[in-house]
S.K.: 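Quick one: structure below, then a few questions.
The structure displayed is predicted, hence computed values, not measured ones.
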Amino acid sequence: MDNLTIIERLRVKVKRNPDDYQAVEDLFEMLRVHESTDKTFSHNLNREIRKLTARQAKIEGRDVKLNEKFYLLHKRSLLFDAPLDFDAYLQYVEFNREPEKKFYIPRRKVLKTIVDDLQELADGKLDFLGISLPPRVGKSTLCIFFITWLMGRNPDVANVMSGHSDKLTDGFYRELLAILTDPETYTWSDVFPTCTIADTSSKNETIDINRKRRFSTVTCRSIGGTLTGAVEVGTGGCLYCDDLIEDLEESLNPMRLQAKYDAYLNQLKDRKKLGAFELMVGTRWNVLDPLGRIEEQYRDNPRYRFRAIPALNDEGESNFDYTFGKGFDTKYYLDMKDSIDDATWCAKYMGQPYIREGLLFPSVELNYYNGTLPEGKPDRIVSFDDVAWGGGDSLSHPFAYCYGETVYIHDVIFNKGDKDVTKPIVVGKLKQHMPHITRFEANNGGDEYCDSVDDMLKKDGIHLNLSHRKAPTTMSKLSRIIQVAPEIKKFYFRDHKNSDSEYRAFMRELTSFVVTGKNPHDDAPDSLAGLANLIFYGKNGFEIFKRPF
């Protein structure tokens, strides 16, 4: 009877009786035997055993010894996959630690996406992986574990770890050594029993596995250090760059940005041999930082992946609320958002480049007020609705209070919900502000949306001047926005401390809109363009003039 026949019969037996320890163990041992014949099959099936043994080890109300057997078999199953599977490696290498002291398991639910990306990078499915996550959520530590895994898999291949400073790379070096040399905390030597540390140098920040060589298994060196001629990234090796741009101050200096990018090209990228790959972790300060330049150049290349996980999800909740209190909850991030400037929040916590080339509405060029309108009634209240139907776009509806020649954007609706969510909100805001005129953009069903809102208002006895009109097709959306940009820049917007979450999201989209490159969304500037046209140029608009008294 051949191995596959035995394996299939054992699979059937285990499926019928998953608590039959002996059958599960026999299946595992057969996979180990069959690995030399079909490695992919054996390890794919072993993932099923890993899941099964993990469940069986936790079943309550039965013989404790049976649970212990499944627990130890789970450990052996992880070890079997660990040299090839990064997720299994991370679980096994910390297996002996107390649950609350482990790095990976408390964070696995969130970081598994990044782990899968790193697996594809190591397996040669990607040439480049860029990662942007908030501070202190584990991105650098995860990547350090990744390098230790590569070192054991290919000890004869040179890898390089770089960053903005010597202090940073010294930290890389020390963390690598801790994982490799602390058997009470980590089980790296179990995963790679044929690997031994042949040489280390704290001065040069190098580690050699099995034998000392000219280009070490790993070299940690800052981008400002000696790199040319001193390092190499071998075929199948990794060039890992972490935070090449130190802070916002550096990102604001075009000359320093260009110098840093030139250093990356001439001292790091050109040290790669054919077949080497890149891993870059960084705060997205600027579209012109190294990570931004690379993304712009390779955005359509499927072998280049750029992964950003923001601090808050679309519902405004934390993405990094880990177990054992290791992460950051929603309350923490909302407090941080209210405590720091938009530039730092967008870049460090949301993975969005704040400083962008070709900004049409830079925040420093806009006018702000504290949310309190001038005394007396406004001459007119005008609003404009850029209808959206969900799917990532936002319904954007600014309300303008006009006092003479001064226009205040006193409120906005900026909501990603579908029509069933947004219609009641629009009706409520129209009742609140009672604008003298409201225009709906009629494209893509905006006319029907307008009529529906009008019917809802009339049922409540509210009669407002609502109209709809299609955007002109004689010019592009970008051209329409640029045409009235001078008028928009004269508007007064609520300052950060006196605006709600939708208003702040509206302002972030407005102040990140570019005339060069691609905009993921343009709902905020597009709705303001429609509003400006309605106020200043629309047939149903009106003329702004100074009060005669």
S.K.: CD of Gln91 to CG of Asp81: how many Å apart, nearest 0.5 Å?
M.R.: 10.0 Å
S.K.: Would you confirm whether Tyr173, through its side chain, and Ser202, through its main-chain N or O, come within 3.5 Å as a donor-acceptor pair?
M.R.: yes
S.K.: Give a yes or no on this: more than 12 heavy atoms of other residues, nucleotides or ligands lie within 6.0 Å of atom NZ of Lys13.
M.R.: no
S.K.: For Phe306 together with Tyr298, are the ring centres under 6.0 Å from each other?
M.R.: no
S.K.: Is there a side-chain contact between Cys220 and Asp170 (heavy atoms, below 4.5 Å)?
M.R.: no
S.K.: If you count every heavy atom of other residues, nucleotides or ligands that lies below 6.0 Å from Arg303 atom CZ, does the total exceed 12?
M.R.: yes
S.K.: Please lay out, stage by stage, how Ser77 and Asn46 fare under the test side-chain hydrogen bond (donor to acceptor under 3.5 Å, both in side chains).
M.R.: CA-CA 7 Å; Ser77 179; Asn46 185 54; 2.8 Å; yes
S.K.: Is the shortest heavy-atom distance from the side chain of Phe28 to the side chain of Thr53 under 4.5 Å?
M.R.: no
S.K.: Do NZ/NE/NH1/NH2 and the carboxylate oxygens of Asp85 and Arg47 come within less than 4.0 Å?
M.R.: yes
S.K.: Answer yes or no: is there a donor N or O on one side and an acceptor on the other, between the side chain of Asp418 and the main chain of Asp420, under 3.5 Å?
M.R.: yes
S.K.: Is there side-chain contact between Val24 and Pro18, with at least one heavy-atom pair below 4.5 Å?
M.R.: no
S.K.: How many angstroms lie between atom OG of Ser216 and atom CG of Asp199, to the nearest 0.5 angstrom?
M.R.: 7.0 Å
S.K.: Quick check: closest heavy atoms across Trp149 and Ala122, and the distance to 0.1 Å?
M.R.: CZ3-CB, 3.7 Å
S.K.: Parallel, tilted or perpendicular: which describes the rings of Phe41 and His34, with under 30° parallel and over 60° perpendicular?
M.R.: perpendicular
S.K.: Are Glu29 and Arg32 within salt-bridge range, i.e. N to O under 4.0 Å?
M.R.: yes
S.K.: Considering residues, nucleotides and ligands other than Arg174, do more than 12 of their heavy atoms fall under 6.0 Å from its CZ?
M.R.: no
S.K.: Donor-acceptor pair, distance only, cut-off 3.5 Å: does the side chain of Thr283 make one with the backbone of Ala347?
M.R.: no
S.K.: Taking the side chain from Glu317 and the backbone from Thr330, do they hold a donor-acceptor pair closer than 3.5 Å?
M.R.: no
S.K.: CZ of Arg305 to NZ of Lys125: how many Å apart, nearest 0.5 Å?
M.R.: 9.5 Å
S.K.: Heavy atoms only: give me the nearest Asn210-Cys195 pair and the separation to one decimal.
M.R.: OD1-CA, 3.3 Å
S.K.: Should Arg97 and Glu94 count as an ion pair when the cut-off is N to O under 4.0 Å?
M.R.: yes
S.K.: Centroid-to-centroid, Tyr71 to Phe95, below 6.0 Å?
M.R.: yes
S.K.: On a heavy-atom basis, which atom in Asp523 and which in Glu509 lie closest, and how many Å separate them?
M.R.: N-OE2, 2.7 Å
S.K.: Can you find a pair of side-chain heavy atoms, one from Val157 and one from Thr217, that are under 4.5 Å apart?
M.R.: no
S.K.: Does the ring center of Phe103 lie less than 6.0 Å from the ring center of Phe145?
M.R.: yes
S.K.: Could you check Tyr186 against Asn96 for side-chain contact (heavy atoms from CB on, under 4.5 Å), going step by step and ending with a plain yes or no?
M.R.: CA-CA 7 Å; Tyr186 305 105; Asn96 296 334; over 6 Å; no
S.K.: Could you state the interatomic distance from OG (Ser42) to CZ (Phe80), rounded to the nearest 0.5 Å?
M.R.: 5.5 Å
S.K.: State the CG-CZ distance between Leu133 and Arg284, to the nearest 0.5 angstrom.
M.R.: 13.0 Å
S.K.: Does atom CZ of Arg16 have more than 12 heavy-atom neighbours, drawn from other residues, nucleotides or ligands, at distances under 6.0 Å?
M.R.: no
S.K.: Decide, yes or no, whether a salt bridge links Arg50 with Asp87 under the criterion of side-chain N to carboxylate O below 4.0 Å.
M.R.: yes
S.K.: Would the distance check show the side chain of Asn44 and the main-chain N or O of Thr40 forming a donor-acceptor pair, the cut-off being under 3.5 Å?
M.R.: yes
S.K.: Strictly below 4.0 Å, N to O, side chains only: are Lys416 and Asp314 in salt-bridge contact?
M.R.: no
S.K.: Can you tell if the side chain of Gln267 reaches within under 4.5 Å of the side chain of Val231, non-hydrogen atoms only?
M.R.: no
S.K.: Just by modelled atom types, is the Leu244 backbone N or O under 3.5 Å from a matching donor or acceptor in the Lys260 side chain?
M.R.: yes
S.K.: Can you see which heavy atom on Thr169 is nearest to which on Arg221, and at what distance?
M.R.: CG2-C, 3.6 Å
S.K.: Would you check if Asp242 and Ser162 make a side-chain contact, meaning some heavy-atom pair closer than 4.5 Å?
M.R.: no
S.K.: Show, in sequence, the C-alpha distance, side-chain angles and deciding distance for Asp393 and His521, and conclude whether the side-chain contact (heavy atoms from CB on, under 4.5 Å) test is met.
M.R.: CA-CA 7 Å; Asp393 290 332; His521 298 287; 3.2 Å; yes
S.K.: Does a donor on one side chain and an acceptor on the other come within less than 3.5 Å for Thr187 and Asp190?
M.R.: no
S.K.: Looking only at side chains, do Asp127 and Tyr304 share a donor and an acceptor under 3.5 Å apart?
M.R.: no
S.K.: Ignoring hydrogens and angles, tell me if any N or O in the side chain of Arg211 forms a donor-acceptor pair with the backbone of Ile209 under 3.5 Å.
M.R.: no
S.K.: Before accepting this row, confirm whether a basic side-chain N of the pair Asp116/Lys112 lies closer than 4.0 Å to the acidic partner's carboxylate O.
M.R.: yes
S.K.: Between the side chains of Arg11 and Glu48, is the shortest nitrogen-to-carboxylate-oxygen separation below 4.0 Å, so that they form an ion pair?
M.R.: yes
S.K.: Do Val233 and Cys238 come within less than 4.5 Å of each other through their side chains, counting heavy atoms only?
M.R.: no
S.K.: For Thr148, does its backbone N or O pair with a side-chain atom of Trp188 as donor and acceptor, under 3.5 Å?
M.R.: yes
S.K.: Rounded to the nearest 0.5 Å, how far does CE of Met336 lie from CG of Leu312?
M.R.: 11.5 Å
S.K.: Can you check whether Asp20's main-chain N or O pairs, donor with acceptor, with Asn17's side chain at less than 3.5 Å?
M.R.: no
S.K.: Which word best sums up how the rings of Phe277 and Phe146 line up, parallel for under 30°, tilted for 30 to 60°, or perpendicular for over 60°?
M.R.: tilted
S.K.: Test Leu168 against Ser222 for side-chain contact (heavy atoms from CB on, under 4.5 Å), laying out the working first.
M.R.: CA-CA 8 Å; Leu168 182 63; Ser222 73; over 6 Å; no
S.K.: When you measure from the side chain of Asp335 to the backbone N and O of Lys331, does any donor-acceptor pair fall under 3.5 Å?
M.R.: no
S.K.: Please examine the side chains of Glu25 and Arg76, heavy atoms only from C-beta on, and report whether any two atoms are closer than 4.5 Å.
M.R.: yes
S.K.: Sorted by first residue and then second, give each ring pair (Phe, Tyr, Trp, His ring centres under 6.0 Å) pair with at least one member in residues 7-26; sequence neighbours left out.
M.R.: Tyr21-Phe70
S.K.: Look at Glu250 together with Arg256 and state whether they make a salt bridge at an N to O cut-off of under 4.0 Å.
M.R.: yes
S.K.: Which heavy atom of Asp243 sits nearest to which heavy atom of His164, and what is that distance?
M.R.: O-CD2, 2.9 Å
S.K.: For side-chain contact (heavy atoms from CB on, under 4.5 Å), just list the numbers for Phe328 and Tyr349, CA-CA rounded to whole Å, side-chain angles, deciding distance to a tenth of an Å, and then say yes or no.
M.R.: CA-CA 12 Å; Phe328 303 94; Tyr349 290 90; over 6 Å; no
S.K.: Which heavy atom of Trp285 sits nearest a heavy atom of Thr344, and at what distance?
M.R.: CZ3-CA, 4.1 Å
S.K.: What class does the angle between the rings of Phe320 and Tyr322 fall in, given that below 30° is parallel, 30 to 60° is tilted and above 60° is perpendicular?
M.R.: perpendicular
